[in-house]
There are 2 protein chains.
Amino acid sequence: MKRNTWQREAVRDALGSNEGFVSAQGLHQGLREAGSSIGLATVYRALADLATEGEADSLQSDQGESLYRACTPGQHHHHLICRNCGLTVEIEADAVEAWAHEVASDNGFTQASHIVDVFGLCARCSASPAALGHGA
Amino acid sequence: MKRNTWQREAVRDALGSNEGFVSAQGLHQGLREAGSSIGLATVYRALADLATEGEADSLQSDQGESLYRACTPGQHHHHLICRNCGLTVEIEADAVEAWAHEVASDNGFTQASHIVDVFGLCARCSASPAALGHGA
DNA sequence: CGCCATACTGATAACGACAATCAACACGCG
DNA sequence: CGCGTGTTGATTGTCGTTATCAGTATGGCG
């Protein structure tokens, strides 16, 4: 049986109140700082569950860290992510979906799935080179 | 000065003689079994160098492992990867490149880059359900 | 309302991948 | 041949994630 725990809710809530992708550890730290006594392992579990149930999307950062973000459930979409501030925009890509399946078929592949994410600098970060953090 | 060592060559060679993506540790193990006395750290270094120089492509496995594969140097391309046997086909996707930049621009993003990989089952694995290992 | 079974929690240990360390070494050059 | 230095490789450390396991809270039921 699946129980209804405040911890699960806390993670879901923290995820929903975040604009970009967050790491499990970052989320845990944020919750702790907000006064919660939630455990790290629980955050990992909750995030894994959320991702499995389709309520959260996950991707891997450059360093191999898993990042999570709340997403529109039951809808296939991709992400446009700001490399600097983490701002994330959900994007749809019917054309890309079609292309992926076509390419797969052309090569005899079946059961095609795909990973498609676009990284860049959002308008604000593009306009603020100083914020890029590589100031000499 | 950059030296010409047999280790670097061994890694490059091992990478080239492999059809799909390999993990650093897998490659190291393979070289060891082939009689080489190359060290694990050296394999990591060589792979990182190769990837930096554009002679190898890298992607992250589901478990967060970094996988490498030899690729056509200096050319931007993506991959169609068999989920079962690892067979990899290089694919070009001008349309997707254009789409990615367009979507980024539409949302005010600059310096767009993207991750695009397609997974599926290759013709052989599609025809051999028994090989999928989850016989039920 | 209180009890019980059990799913869940959370601190910690284990684990795996990877990076850093550092002495020994080999390559290339004079 | 001998020197300088980039490279190697065994080992250690770091970091993210998962497993462990006893304690706890949840929710159904008497």
Side-chain angles (χ1 to χ4, degrees), chain A residues 1-15 18 20-53 55-70 81 86 115 117, chain B residues 1-15 18 20-53 55-70 81 86 115 117:
Chain A
M1 184 221 303
K2 194 119 187 174
R3 284 185 188 163
N4 204 17
T5 62
W6 63 265
Q7 287 98 333
R8 208 66 64 100
E9 280 303 314
V11 171
R12 188 202 311 267
D13 197 59
L15 212 56
N18 205 310
F21 280 82
V22 234
S23 69
Q25 315 220 12
L27 202 74
H28 173 241
Q29 189 179 331
L31 284 165
R32 280 303 185 103
E33 285 170 1
S36 175
S37 66
I38 195 169
L40 178 59
T42 303
V43 174
Y44 274 102
R45 275 187 294 247
L47 286 173
D49 283 358
L50 253 17
T52 299
E53 293 163 18
E55 294 191 53
D57 268 332
S58 68
L59 62 82
Q60 316 252 113
S61 79
D62 286 349
Q63 305 90 38
E65 231 178 333
S66 286
L67 304 180
Y68 298 84
R69 178 174 184 275
I81 305 155
I115 295 177
D117 285 302
Chain B
M1 183 221 304
K2 195 121 187 172
R3 285 185 187 162
N4 204 16
T5 62
W6 62 266
Q7 287 98 332
R8 209 67 64 102
E9 279 303 313
V11 171
R12 189 202 309 266
D13 196 59
L15 213 56
N18 205 312
F21 280 83
V22 236
S23 69
Q25 316 221 12
L27 202 75
H28 173 242
Q29 188 179 333
L31 284 166
R32 279 303 183 101
E33 285 170 1
S36 175
S37 66
I38 194 170
L40 178 58
T42 304
V43 174
Y44 275 103
R45 275 186 294 246
L47 286 174
D49 283 358
L50 252 16
T52 298
E53 293 162 16
E55 294 192 54
D57 267 331
S58 68
L59 61 83
Q60 314 255 114
S61 79
D62 287 347
Q63 307 89 39
E65 232 179 331
S66 286
L67 304 180
Y68 298 85
R69 180 174 183 274
I81 305 156
I115 296 177
D117 285 302

Result for 5'-nearest mapping on DNA chain C, choosing between B:Leu67 and A:Ser37, is A:Ser37
Figure out the [atom1]/[atom2] separation between [X] and [N], and round it to whole Å.
{"X": "B:Gln25", "N": "D:dG9", "atom1": "CD", "atom2": "C1'", "result": "15 Å"}
{"X": "B:Leu47", "N": "D:dT8", "atom1": "CG", "atom2": "P", "result": "12 Å"}
{"X": "A:Arg45", "N": "D:dG16", "atom1": "CZ", "atom2": "P", "result": "19 Å"}
{"X": "A:Leu40", "N": "D:dT20", "atom1": "CG", "atom2": "P", "result": "17 Å"}
{"X": "B:Arg8", "N": "D:dG9", "atom1": "CZ", "atom2": "P", "result": "11 Å"}
{"X": "A:Ile38", "N": "C:dG10", "atom1": "CD1", "atom2": "P", "result": "6 Å"}
{"X": "B:Gln7", "N": "D:dT7", "atom1": "CD", "atom2": "P", "result": "11 Å"}
{"X": "A:Leu27", "N": "C:dG10", "atom1": "CG", "atom2": "P", "result": "13 Å"}

So which atom in B:Leu31 and which in B:Ala10 form the shortest heavy-atom distance, rounded to 0.1 Å?
CD2-O, 4.0 Å
Heavy-atom side-chain contact between B:Ile115 and B:Leu59 under 4.5 Å:
no
Sequence neighbours excluded, the answer for side-chain contact (heavy atoms from CB on, under 4.5 Å) partners of B:Leu40 is B:His28, B:Tyr44
Qualifying residues under side-chain contact (heavy atoms from CB on, under 4.5 Å), relative to B:Arg69, sequence neighbours excluded
B:Phe21, B:His79, B:Thr88, B:Glu90
B:Glu55 meets the side-chain hydrogen bond (donor to acceptor under 3.5 Å, both in side chains) criterion, sequence neighbours left out, with B:Arg12
Set of residues satisfying side-chain hydrogen bond (donor to acceptor under 3.5 Å, both in side chains) with respect to A:Ser61, sequence neighbours excluded:
A:Gln63
Looking at A:Tyr44, I'd like to know whether one of its side-chain N or O atoms comes within less than 4.0 Å of OP1 or OP2 on D:dT18.
no
Between B:Ala41 and B:Lys2, which has a closest nucleotide on DNA chain D that is more 5'?
B:Lys2
So salt bridge (Lys or Arg N to Asp or Glu O under 4.0 Å) across residues 21-49 of chain B, not counting sequence neighbours, yields B:Lys2-B:Asp49, B:Arg8-B:Asp49
Report all interatomic pairs (protein N or O, nucleotide N or O of nucleotides 25-30 of chain C) with separations under 3.5 Å.
residue: C:dC27; atom: O2; partner: B:Arg3; partner atom: NH2; Å: 3.3

A:Tyr68: what forms a ring pair (Phe, Tyr, Trp, His ring centres under 6.0 Å) with it, not counting sequence neighbours?
none
When we call it a touch if two heavy atoms are under 4.0 Å apart, what does B:Ser23 touch: a base, just sugar-phosphate, or nothing?
nothing
The correct set of residues in residues 58-66 of chain B placing a heavy atom under 4.0 Å from DNA chain C is B:Glu65, B:Ser66
Salt bridge (charged side-chain N to carboxylate O under 4.0 Å, His left out) involving B:Glu65 - partner list, sequence neighbours excluded:
none
